[in-house]
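Each residue takes its place number in the sequence, starting with 1.
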Amino acid sequence: MKKRFLTPTSVVVLIKSADGGRILMQKRKNTGFADGMWDFACSGHVEEGESMTEACARECAEELKIKASPRDFTFLTFVYKTDEDATYCYGYFGLDRYEGAPCIGEPEKCGGLAWFDINNLPENIIPDRKTALEAAENGVHFLEYGWQK
């Protein structure tokens, strides 16, 4: 019998500097996924009964110690990703209005927080994140990643 409704859903939040030239990134640590690589400002699973924008606000509070309302997030792109471990639905959202100054809220999971020039990202960025950023910057609102074998 087929198992249904088991594809995990996550959100990824992209925070740009006021001039749009830099993005905030976190270095993953002790998460079991892409540890040692750079990721966008924050990311995480959508919990049962939670909307994607509610998950964005919660993740920002937990990981960055900033406050944002679900209505402050702007949809950027959606990525349907598969790899050898799992298939995921990723909703990417931008955030440019929040309270507080971003800082590491979960030091056990974050090895660094830094601003990077959007045209000069670190080499060890998670590959599908870079692809999603390119899609968002080019107005592409949906892409499939990892399905071409």
Side-chain angles (χ1 to χ4, degrees), residues 2-64 66 68-98 102 104-106 109-149:
K2 277 187 170 180
K3 292 184 179 182
R4 299 178 67 189
F5 311 113
L6 297 178
T7 301
T9 303
S10 290
V11 292
V12 181
V13 177
L14 173 66
I15 299 176
K16 288 186 179 180
S17 58
D19 66 4
R22 296 177 302 142
I23 62 171
L24 185 61
M25 301 189 80
Q26 64 164 304
K27 194 168 197 179
R28 299 181 66 90
K29 172 176 100 172
N30 299 323
T31 67
F33 172 72
D35 291 330
M37 299 187 81
W38 287 96
D39 197 353
F40 292 147
C42 69
S43 61
H45 291 96
V46 178
E47 295 179 358
E48 187 174 347
E50 185 176 52
S51 74
M52 287 184 133
T53 54
E54 288 169 338
C56 287
R58 177 183 50 76
E59 290 292 346
C60 282
E62 292 172 1
E63 295 184 15
L64 300 172
I66 59 174
S69 167
R71 69 181 172 276
D72 293 331
F73 295 89
T74 304
F75 173 75
L76 298 174
T77 193
F78 187 89
V79 177
Y80 188 55
K81 176 190 170 187
T82 192
D83 60 27
E84 65 277 353
D85 295 326
T87 297
Y88 263 85
C89 295
Y90 286 102
Y92 284 78
F93 294 85
L95 176 65
D96 51 15
R97 183 178 53 206
Y98 53 87
I104 296 173
E106 297 178 325
K109 295 181 183 178
C110 182
L113 194 63
W115 290 94
F116 289 91
D117 184 298
I118 200 161
N119 297 310
N120 190 23
L121 298 175
E123 287 187 29
N124 61 335
I125 184 174
I126 301 170
D128 59 278
R129 301 297 204 247
K130 186 174 182 183
T131 300
L133 176 62
E134 291 166 357
E137 291 289 300
N138 289 303
V140 176
H141 299 294
F142 174 78
L143 64 99
E144 294 178 333
Y145 186 93
W147 294 93
Q148 301 74 20
K149 307 251 188 288

If you round to the nearest 0.5 Å, how far is [atom2] of [Y] from [atom1] of [X]?
X: W115; Y: S17; atom1: CH2; atom2: OG; answer: 6.0 Å
X: E59; Y: I66; atom1: CD; atom2: CD1; answer: 11.5 Å
X: I15; Y: L64; atom1: CD1; atom2: CG; answer: 5.5 Å
X: R28; Y: C110; atom1: CZ; atom2: SG; answer: 9.5 Å

Can we say K29 and D35 salt-bridge, meaning some charged N sits less than 4.0 Å from an Asp/Glu carboxylate O?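 Looking at D35 together with K29, the answer is no, because their closest N to O distance does not fall below 4.0 Å.
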Before accepting this row, confirm whether a basic side-chain N of the pair E144/K81 lies closer than 4.0 Å to the acidic partner's carboxylate O.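 No.
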Taking all heavy atoms of A57 and all of S69, pick out the closest pair and write down the distance. CB-C, 4.5 Å
Exercise: identify the closest heavy-atom pair between A55 and V11: CB-CG2, 3.9 Å
Check side chain to side chain contact (heavy atoms under 4.5 Å, CB included) between N119 and all other residues, then give those that pass, not counting sequence neighbours. D117
Kindly say whether the aromatic ring centers of Y90 and H45 come within a distance under 6.0 Å.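 No.
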Return yes if some donor-acceptor pair links the side-chain N/O of [X] with the main-chain N/O of [Y] below 3.5 Å, else return no.
X: T82; Y: T87; value: no
X: N124; Y: G36; value: yes
X: S51; Y: E54; value: yes

Any non-hydrogen side-chain atom of [X] less than 4.5 Å from a side-chain atom of [Y]?
X: M52; Y: C89; answer: no
X: L24; Y: L113; answer: yes
X: M25; Y: I125; answer: yes
X: F93; Y: T53; answer: yes
X: L95; Y: L14; answer: no
X: E62; Y: C42; answer: no

Between Y80 and Y88, is a side-chain contact (heavy atoms from CB on, under 4.5 Å) present by the stated rule, with each step listed? CA-CA 6 Å; Y80 188 55; Y88 263 85; over 6 Å; no
Pair listing, ring-ring contact (aromatic ring centres under 6.0 Å, His included) test, anchored in residues 18-39, at least two apart: W38-F116
Pair up each side-chain donor or acceptor in residues 132-140 with any protein partner under 3.5 Å, not counting sequence neighbours, and list the distances.
from, atom 1, to, atom 2, distance (Å)
E137, OE2, K16, NZ, 2.6
N138, ND2, E134, O, 2.8

D39 pairs by salt bridge (charged side-chain N to carboxylate O under 4.0 Å, His left out) with which of R129, K27, K130, K109?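 Looking at R129, K27, K130, K109, the match for D39 under the salt bridge (charged side-chain N to carboxylate O under 4.0 Å, His left out) is R129.
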Passing candidate, side chain to side chain contact (heavy atoms under 4.5 Å, CB included) with Y92, options F73, F75, F40: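 That would be F40.
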